[in-house]
Chemist: 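Quick one: the structure is below, and I'll ask about it shortly.
Order of appearance sets the numbers: ligands from 1, and atoms from 1 within every ligand.
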Amino acid sequence: MGSDNTLSSRQQAITWPEGRRFAFTVFDDPDGQSLETTRLVYSFLSDLGFRTTIGVWPLDIRRDTNSGGETCANPEYRAFLQQLQGNGFEIGFHNAAPYSTTRDETIEALDLFERYFGKTPDVMANHYNAEAIYWGPARLSSWRRDIYNLITLGRTRNRFFGQVEGHPSFWGDVCLEHIRYCRNFVYSDINTLRMNPWMPYADPLRPYVRYWYSASEGNKAPAFLKTLQDENQDRLEEQGGACIMYTHFGHGYVRDGKLNPDFRRSMERLAARNGWFVPVTRLLDFLIRTKGVTTLDDSLRSRLETRWLWEKLFRGTS
Ligand SMILES: [Zn+2]
């Protein structure tokens with residue numbers, strides 16, 4: 001995609017803290033992630049100097065799950081998360097559990113999160129539960145929603161209800177009260193800020209989320225490594241940009257008790273560069289202090305949504 005297709009025309013260069021030349025972080029969804037994988041990946045990231053965000057499920061397993069992966073009910077896993085948090089990593093929210101929950105269960109999950117980690121979460125990313133908020137077709141507006149329903153064959157219609165008042169899974173008011181940042185659009189470019197220079201942004205059509213952020217595609221290890229290939233790392237630094245990677249460290253990063261060697265090499269290369277490697281909330285808070293929050297109007301919303309729809313159609317981004 002050429003630069004004429006990006007949304008960067010009005011972008012100002014950001015002066016990063018500590019003389020850093022770019023920013024890089026990750027929001028990692030816990031799907032499929034064992035305690036062993038968590039230990040291996042995060043010990044490695046920590047040793048390299050990265051301080052990123054790990055999404056968690058606070059609740060225990062109460063019924064059939066829609067995904068594998070540890071929950072905070074495992075005391076060993078929890079203790080490791082607390083250790084990570086003490087070491088400068090951020091704990092994020094990936095909804096209450098790896099299964100759809102009621103409003104009361106989501107509230108219980110946030111209480112547990114606070115008990116385990118000292119405060120309710122600042123940042124979240126939706127899991128595909130019934131209580132996912134503004135998810136599926138609700139990620140988009142007007143004709144773009146119709147196109148989304150067409151290309152997804154309507155599979156995600158009437159599945160997500162976090163913002164639907166009166167639904168048993170509704171928790172929009174609770175989300176607004178506690179959570180500052182929620183992820184929506186994922187783009188294929190490594191420089192998330194170049195694709196969406198307005199983040200964090202508020203959307204008056206989606207009032208139960210205070211601020212939204214975007215991310216760069218890295219669903220599983222192959223996509224992560226593609227986005228982080230050497231020339232893209234170089235470009236991120238040249239552009240003085242910011243990358244928020246979307247990934248699942250449970251998918252393809254560890255095999256037979258060993259880290260994926262390509263992941264190891266790519267992260268070592270990135271760590272050697274002069275980047276600002278802080279958790280998602282710290283990065284987004286900094287962006288707000290530097291350039292404020294953008295409130296979407298119809299034209300800006302249309303640009304952001306159309307851009308993502310294009311990527312979804314032709315690049316299959318998340
Ligand atoms: Zn998930």
Chemist: State the CG-CG distance between Leu150 and Leu313, to the nearest 0.5 angstrom.
Modeler: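 Here the interatomic distance stands at 10.0 Å.
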Chemist: Answer yes or no for Asp29: is there an N/O/S atom below the 2.8 Å cut-off from the Zn ion (ligand 1)?
Modeler: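 Here the distance criterion (N, O or S atom, under 2.8 Å) is not met by Asp29, so no.
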Chemist: Give the name of the N/O/S atom in His94 that lies closest to the Zn ion (ligand 1).
Modeler: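 Atom name of the closest N, O or S in His94: NE2.
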Chemist: With Tyr201 as reference, evaluate Thr295, Leu304, Leu300 under the side-chain contact (heavy atoms from CB on, under 4.5 Å) test and give the passing residue.
Modeler: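 Running side-chain contact (heavy atoms from CB on, under 4.5 Å) over Thr295, Leu304, Leu300 with Tyr201 returns exactly one hit, Leu304.
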Chemist: Membership question, hydrophobic clusters at under 4.5 Å side-chain separation (ILVMFWY): are Ile54 and Tyr246 in the same one?
Modeler: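 Each belongs to a different hydrophobic cluster.
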Chemist: So Asn274 and Trp276, side-chain contact (heavy atoms from CB on, under 4.5 Å) or not? Walk me through it.
Modeler: CA-CA 7 Å; Asn274 187 20; Trp276 196 44; over 6 Å; no
Chemist: Could you pull out the atom name of the N/O/S atom in His127 that is nearest the Zn ion (ligand 1)?
Modeler: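 Of the nitrogen, oxygen and sulfur atoms in His127, the Zn ion (ligand 1) lies nearest to ND1.
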